[in-house]
Peer 1: 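Okay, handing you the structure first.
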Protein chains: 2
Amino acid sequence: MRSENLKIFAEAETCPARNVLDRFGDKWSTLVILVLNEEEKLRFNELHKVIGDISQKMLTVTLRNLEADGLASRKVYPEIPPRVEYKLTPLGKSLVPHISSLLKWADQNFSSIMASRSKYNQKVS
Amino acid sequence: MRSENLKIFAEAETCPARNVLDRFGDKWSTLVILVLNEEEKLRFNELHKVIGDISQKMLTVTLRNLEADGLASRKVYPEIPPRVEYKLTPLGKSLVPHISSLLKWADQNFSSIMASRSKYNQKVS
DNA sequence: TAAAGTAGTTACTTAGAGGTTAGTTTTATT
DNA sequence: AATAAAACTAACCTCTAAGTAACTACTTTA
């Protein structure tokens, strides 16, 4: 049966694909990674300004997740007012080319996809 | 100011990245794409069996989305009982290498990420 | 003494992704 | 006349990702 060599996919919790892709399949992670990649070092409010439409809460959550996974590092300077700098770790940097290649694909095929999408929606409605 | 060359990211609805990545940042799309890629042609119930823990509803929704975006095609044979075959379009196939490279990265760095994640969780709790 | 700056946290709310179960269609089979 | 088969659809429910708004701590500046 043909399903045998595909059974791998059906596993779930021990699956690297699901565990890892789920994380940066959220709304903000890839964006934050790409922004950090362009600027090397950024403070919380700098990230907040650059991204613009992210809420403080979601920026915090996203940064904590990246930190937890070892993709970004968080350096606190014990000053007043506080200063915190975020940057990508080597692991985080190693992910960037893969995201970029995906983004390049998205860019190149964007119009084709949007055309197909609106044509499909016409047929349905 | 450094935020100038990054302002691109703040746009949103016209952004290919968000529009395209949002689509297959969902729970099932990439998985369905990879399964279709391995088998060339698959019927609804074959996909259902191979993936295992997907519900009928979500398989339908996912396939409709892929079809809408022009990544997969749907061919209905007017028979009873019905037969429907799904396969990747050339556009869908062109996406596969990018997903695969991401998956390879996830696979290679899985243990490192999981280690970092549980270490982080210990510190917090 | 009030405001402003920095990096958040907390509590509350909402939209929507995803899941469950049952039903539909048409014909062949027992 | 009941059941099965394939590929769904519809109604309903649940849970969580994400958003909003207010609040915190500490110090400097107006």
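Sequence lines set the chain letters: A, B, ... in the order given, protein chains first and strands last, and positions in each chain run from 1. The structure displayed is predicted, hence computed values, not measured ones.
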Peer 1: Check DNA chain D against residues 79-89 of chain B and give the residues with a non-hydrogen atom under 4.0 Å, in numerical order.
Peer 2: B:Pro81, B:Pro82, B:Arg83, B:Val84, B:Tyr86

Peer 1: Report the residues that fulfil side-chain contact (heavy atoms from CB on, under 4.5 Å) with A:Ala17, sequence neighbours left out, ordered by chain and then residue number.
Peer 2: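 For A:Ala17 the side-chain contact (heavy atoms from CB on, under 4.5 Å) partners, ignoring immediate neighbours, are A:Cys15, B:Leu103.
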
Peer 1: Just to verify, what does B:Ala68 make a side-chain contact (heavy atoms from CB on, under 4.5 Å) with, not counting sequence neighbours?
Peer 2: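 If we apply the side-chain contact (heavy atoms from CB on, under 4.5 Å) test to B:Ala68, skipping adjacent residues, the hits are A:Tyr120.
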
Peer 1: Taking heavy atoms of chain B and a 4.0 Å limit, find me the 5'-most and 3'-most nucleotide of DNA chain C within that range.
Peer 2: C:dG18 to C:dT27

Peer 1: Determine yes or no for a side-chain-to-main-chain donor-acceptor pair under 3.5 angstrom, with A:Asn37 supplying the side chain and A:Ile33 the backbone.
Peer 2: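 Judged by distance alone, no pair lies under 3.5 Å.
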
Peer 1: Which residues pass the side-chain contact (heavy atoms from CB on, under 4.5 Å) test with A:Ser112, not counting sequence neighbours?
Peer 2: B:Leu91

Peer 1: Testing the basics here: between B:Ser100 and B:Leu34, what is the closest heavy-atom pair and its distance to 0.1 Å?
Peer 2: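 What the structure gives for the nearest pair is OG-CD2, 4.3 Å.
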
Peer 1: Looking only at heavy atoms, which two atoms of A:Leu102 and B:Ile99 are closest? And how far apart?
Peer 2: CD1-N, 4.3 Å

Peer 1: Can you name the closest pair of heavy atoms from B:Ser94 and B:Pro97 and give their distance?
Peer 2: O-CD, 3.5 Å

Peer 1: Donor-acceptor pair, distance only, cut-off 3.5 Å: does the side chain of A:His48 make one with the backbone of A:Ile54?
Peer 2: yes

Peer 1: If every non-hydrogen atom of B:Thr89 is compared with every non-hydrogen atom of B:Gly70, which pair is closest and at what distance?
Peer 2: OG1-O, 2.6 Å

Peer 1: Within the distance-only criterion (no hydrogens, no angle test), does the side chain of B:Ser101 pair as donor or acceptor with the backbone N or O of A:His98 below 3.5 angstrom?
Peer 2: no

Peer 1: Give each stem of DNA chain D as a range with a range, requiring at least 3 consecutive Watson-Crick or G-U wobble pairs whose two distances are under 3.5 Å.
Peer 2: C:1-30 with D:1-30

Peer 1: Can you run down the salt bridge (charged side-chain N to carboxylate O under 4.0 Å, His left out) pairs that involve residues 73-85 of chain B, sequence neighbours left out, and say none if there aren't any?
Peer 2: B:Glu79-B:Arg83, B:Arg83-B:Glu85

Peer 1: Check residues 57-64 of chain A and write down every donor-acceptor pair under 3.5 Å in which the side-chain atom is one partner and the other belongs to a residue at least two apart or another chain.
Peer 2:
residue, atom, partner, partner atom, Å
A:Thr60, OG1, A:Gln56, O, 3.0
A:Thr62, OG1, A:Met58, O, 2.7
A:Arg64, NH1, A:Tyr86, OH, 3.4

Peer 1: Where do N or O atoms of nucleotides 15-22 of chain D meet protein N or O atoms at under 3.5 Å, pair by pair?
Peer 2:
residue, atom, partner, partner atom, Å
D:dA18, OP1, A:Lys27, N, 2.8
D:dA18, N7, A:Lys57, NZ, 3.4
D:dG19, OP1, A:Lys27, NZ, 2.6
D:dG19, OP2, A:Trp28, NE1, 3.2
D:dG19, N7, A:Lys57, NZ, 3.1
D:dG19, O6, A:Lys57, NZ, 2.4

Peer 1: Give every residue pair that meets the salt bridge (charged side-chain N to carboxylate O under 4.0 Å, His left out) criterion with at least one member in residues 21-33 of chain A, sequence neighbours excluded.
Peer 2: A:Arg23-A:Asp69

Peer 1: For DNA chain D, which residues in residues 61-76 of chain B have a heavy atom at a distance below 4.0 Å?
Peer 2: B:Arg64, B:Arg74

Peer 1: For residues 87-101 of chain A, which residue pairs qualify under salt bridge (charged side-chain N to carboxylate O under 4.0 Å, His left out), counting only residues two or more places apart or in two chains?
Peer 2: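 Checked against salt bridge (charged side-chain N to carboxylate O under 4.0 Å, His left out) - neighbours excluded - the pairs reaching residues 87-101 of chain A are A:Glu40-A:Lys87, A:Glu40-A:Lys93.
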
Peer 1: If you look at every heavy atom in A:Pro16 and B:Ala106, which pair is closest and at what distance?
Peer 2: CB-O, 4.0 Å

Peer 1: Take atom CD of B:Glu46 and atom C1' of D:dA5, then tell me their distance rounded to the nearest Å.
Peer 2: 14 Å

